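The analysis underlying the following values was restricted to heavy atoms, covering all of them including side chains, and did not include hydrogens, waters or symmetry mates. The structure displayed is predicted, hence computed values, not measured ones. Numbers here are sequence positions counted from 1.
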Amino acid sequence: MAEMFVDKFRSLVPKYLDDQWVAEDGLTPAELDDALQEAGVEIPLVLREFYLSLGGCEDLMEAYHYFWDPEELEYDDGYLLFMEDEEEKYVWGMRVDQLDVPDPIVYRRNNRRSAWRSEEGTFSEYVLDMFDWVFEELEPELDS
């Protein structure tokens, strides 16, 4: 299958880390397949390409929110969980019945209320927007 998202995800390294993307920033297909087998989960194309592109890049995998390592992925409440916030108040996931969609919609669960709500964007849209927001917040303000 053709790579749909790899270039977008790889471009995040030079964009936000001022460094060139290198193979070590991602996982190898064998590493990812072994981790997914250990977790016992199936993932959509976009998440596969995310891990192949950035799964080894801690500076992005742990920027503001924490993307789970592939062997930690799990199904819960009808969702494939992939990310949580630092305080573990929220967890993000994709509906299990949508994992065959190349780039499914992202949902967020408030752990206190166990209530899910749509983030109204696909995984690729959500992740790219999230990194824009995170790194915009981290940039020092420029004097005019």
Side-chain angles (χ1 to χ4, degrees), residues 1-111 113-140 142:
M1 180 173 255
E3 296 175 338
M4 296 175 60
F5 309 100
V6 168
D7 289 339
K8 285 182 184 179
F9 293 139
R10 287 180 179 175
S11 74
L12 298 176
V13 172
K15 182 175 183 178
Y16 297 122
L17 304 180
D18 294 324
D19 204 355
Q20 195 172 339
W21 182 89
V22 294
E24 292 79 26
D25 289 328
L27 301 177
T28 67
E31 289 171 326
L32 180 56
D33 292 340
D34 289 346
L36 295 175
Q37 185 173 2
E38 181 181 329
V41 298
E42 301 273 330
I43 62 173
L45 175 66
V46 69
L47 193 54
R48 180 172 184 79
E49 291 188 4
F50 177 80
Y51 283 117
L52 293 174
S53 300
L54 300 174
C57 183
E58 284 186 30
D59 290 336
L60 292 176
M61 294 290 290
E62 298 179 2
Y64 194 72
H65 295 315
Y66 299 99
F67 286 92
W68 295 1
D69 292 333
E71 63 272 8
E72 298 171 338
L73 296 173
E74 64 180 77
Y75 300 128
D76 186 35
D77 201 22
Y79 292 82
L80 170 67
L81 309 182
F82 65 85
M83 185 175 71
E84 65 190 341
D85 68 318
E86 187 175 31
E87 294 86 29
E88 298 181 9
K89 292 180 181 179
Y90 298 96
V91 67
W92 284 261
M94 300 170 217
R95 289 178 29 174
V96 171
D97 64 356
Q98 304 239 324
L99 296 180
D100 60 340
V101 174
D103 193 9
I105 299 292
V106 171
Y107 292 82
R108 180 181 71 182
R109 179 178 72 195
N110 179 317
N111 288 332
R113 294 193 303 256
S114 293
W116 286 95
R117 90 180 218 332
S118 172
E119 292 286 26
E120 301 191 12
T122 65
F123 179 87
S124 64
E125 293 168 335
Y126 181 81
V127 167
L128 296 173
D129 288 347
M130 183 193 79
F131 284 129
D132 277 347
W133 177 77
V134 167
F135 286 96
E136 179 180 289
E137 291 289 312
L138 296 176
E139 287 179 6
L142 300 174

Inset, instruction - Sorted by first residue and then second, give each side chain to side chain donor-acceptor pair (under 3.5 Å) pair with at least one member in residues 19-28; sequence neighbours left out. - result: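 Passing the test, one end in residues 19-28: Thr28-Glu31.
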Legend entry - Contact list for residues 51-60, test side chain to side chain donor-acceptor pair (under 3.5 Å), sequence neighbours left out: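 For residues 51-60, and leaving out neighbouring residues, there are no side chain to side chain donor-acceptor pair (under 3.5 Å) pairs at all.
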Could you grab the distance from atom [atom1] of [X] to atom [atom2] of [Y], nearest 0.5 Å is fine?
X: Phe131; Y: Tyr126; atom1: CZ; atom2: OH; result: 10.0 Å
X: Glu62; Y: Glu86; atom1: CD; atom2: CD; result: 10.5 Å
X: Lys8; Y: Glu49; atom1: NZ; atom2: CD; result: 10.5 Å
X: Glu3; Y: Arg10; atom1: CD; atom2: CZ; result: 6.0 Å
X: Leu47; Y: Ser124; atom1: CG; atom2: OG; result: 11.5 Å
X: Met61; Y: Met83; atom1: CE; atom2: CE; result: 10.5 Å

Inset, instruction - Indicate the atoms forming the closest heavy-atom contact of Tyr64 with Val134, along with that distance. - result: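 It is CB-CG2, 3.5 Å.
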Inset, instruction - For Asp103 and Thr122, indicate whether the former's side chain and the latter's backbone hold a donor-acceptor pair under 3.5 Å. - result: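 No: the side chain of Asp103 does not pair with the backbone of Thr122.
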Inset, instruction - State whether the side chain of Gln98 and the backbone N or O of Ile105 hold a donor-acceptor pair below 3.5 Å, judged by distance alone. - result: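 Not at all, since once roles are kept as given, no pair shorter than 3.5 Å links the two residues.
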Inset, instruction - Output, in order, the C-alpha distance, side-chain angles, deciding distance and verdict of side-chain contact (heavy atoms from CB on, under 4.5 Å) for Leu81 and Tyr75. - result: CA-CA 6 Å; Leu81 309 182; Tyr75 300 128; over 6 Å; no
Within a strict 4.5 Å, meaning less than it, do heavy atoms of the [X] and [Y] side chains meet?
X: Leu60; Y: Phe135; result: yes
X: Asp85; Y: Tyr66; result: no
X: Asp76; Y: Val91; result: no

Legend entry - Option from Phe123, Tyr107, Trp68, Trp92 for which ring-ring contact (aromatic ring centres under 6.0 Å, His included) with Phe82 holds: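 Of all the options given, the one that passes is Phe123.
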Inset, instruction - Could you check Leu52 against Val6 for side-chain contact (heavy atoms from CB on, under 4.5 Å), going step by step and ending with a plain yes or no? - result: CA-CA 8 Å; Leu52 293 174; Val6 168; 5.5 Å; no
Legend entry - Worked check of side-chain contact (heavy atoms from CB on, under 4.5 Å) between Cys57 and Leu12: CA-CA 10 Å; Cys57 183; Leu12 298 176; over 6 Å; no
Let me have the donor-acceptor pairs involving side chains of residues 36-46, under 3.5 Å, with sequence neighbours excluded, atom names and distances please.
none

Inset, instruction - Count the heavy atoms belonging to other residues, nucleotides or ligands that lie under 6.0 Å from CD of Glu120, then report whether that count exceeds 12. - result: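 Count not over threshold, so no.
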Inset, instruction - Using distance alone, with no hydrogens and no angle criterion, decide if Arg109 and Asn111 have a side-chain donor and acceptor under 3.5 Å apart. - result: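 A pair is found: one side chain offers a donor N or O, the other an acceptor, under 3.5 Å apart.
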Legend entry - Centroid-centroid under 6.0 Å between Phe67 and Phe50 rings: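 Yes.
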